[in-house]
Amino acid sequence: MEYDYCDLLVCEWLQKDIGKSYTGRVTSVMEKGYFIEILPFIEGFLPTGKLDKNIGDSIKVILISADIKTRKITLG
């Protein structure tokens with residue numbers, strides 16, 4: 001419950017930054033994409049095919065959405 005509320009606050013806070021670019025760090029590699037830490041303790045998902053990135057690699061991304069309803073951050 002606490003994490004859900006924190007995710008809600010983060011999404012509300014990021015609403016003003018949609019379209020902004022970030023240099024992030026790959027924290028997890030999955031079949032459907034990557035989780036990228038864009039700010040300390042704030043991660044978003046980069047849905048993509050296979051990139052040549054590994055955990056810990058730096059990557060430049062754009063904040064596509066911060067959905068308050070689903071509490072998900074999508075990067076592009």
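Bear in mind the structure is a predicted one, so any value in this text is a computation, not a measurement. These values consider heavy atoms only, across backbone and side chains, with no hydrogens, waters or symmetry-generated copies.
- To the nearest 0.5 angstrom, Glu43 atom CD is 8.5 Å from Ile36 atom CD1.
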Task: side-chain contact (heavy atoms from CB on, under 4.5 Å) between Arg71 and Asp4, intermediate numbers included - done: CA-CA 8 Å; Arg71 289 150 176 82; Asp4 194 43; 2.8 Å; yes

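- Checking side-chain atoms of Asp17 against main-chain N and O of Lys20 turns up no donor-acceptor pair under 3.5 Å.
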- [ ] Please report the C-alpha distance between Leu75 and Ile59 in whole Å, then the side-chain angles of each, then the deciding distance to 0.1 Å, and finally whether the side-chain contact (heavy atoms from CB on, under 4.5 Å) criterion is met.
- [x] CA-CA 11 Å; Leu75 305 170; Ile59 186 170; over 6 Å; no

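- Both Tyr5 and Ile68 are assigned to one and the same hydrophobic cluster, defined by single-linkage of ILVMFWY side chains at heavy-atom distances under 4.5 Å.
- To the nearest 0.5 Å, atoms CD1 (Ile38) and OG (Ser21) are separated by 10.5 Å.
- No single ILVMFWY cluster, assembled from side-chain heavy atoms under 4.5 Å apart, contains both Trp13 and Ile64.
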Open item on the list: Phe45 vs Lys72, test: side-chain contact (heavy atoms from CB on, under 4.5 Å). Steps then yes/no.
Closed with: CA-CA 8 Å; Phe45 188 68; Lys72 294 184 183 198; over 6 Å; no

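- Across all their heavy atoms, Thr23 and Ser58 have their closest contact at CG2-OG, 3.3 Å.
- Using modelled atom types, one side-chain atom of Gln15 and one backbone atom of Ala66 make a donor-acceptor pair closer than 3.5 Å.
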Open item on the list: Set out, in order, the CA-CA distance, both residues' side-chain angles and the distance that settles side-chain contact (heavy atoms from CB on, under 4.5 Å) for Asn54 and Val26, then state yes or no.
Closed with: CA-CA 7 Å; Asn54 297 307; Val26 177; over 6 Å; no

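- The shortest heavy-atom contact between Val29 and Lys53 is CG2-O, 4.2 Å.
- Taking every heavy atom of both residues into account, Thr74 and Pro47 meet most closely at CG2-CD, 4.1 Å.
- To the nearest 0.5 angstrom, Tyr22 atom OH is 5.5 Å from Leu14 atom CG.
- For Glu37 (side chain) and Phe41 (main-chain N/O), a donor-acceptor pair under 3.5 Å exists by modelled atom type.
- Using a cutoff of 4.0 Å between basic side-chain nitrogens and carboxylate oxygens, Asp57 and Arg25 are not scored as salt-bridged.
- Annotation: the span from Ile73 atom CD1 to Ser65 atom OG amounts to 8.5 Å, rounded to 0.5 Å.
- The neighbour count for Lys69 NZ, taken as heavy atoms of other residues, nucleotides or ligands under 6.0 Å away, does not exceed 12.
- Across Gly19 and Ile62, no two heavy atoms sit closer than the pair O-CG2, 3.6 Å.
- Hydrophobic clustering of Ile, Leu, Val, Met, Phe, Trp and Tyr side chains at less than 4.5 Å, counting indirect connections, keeps Leu63 apart from Phe35.
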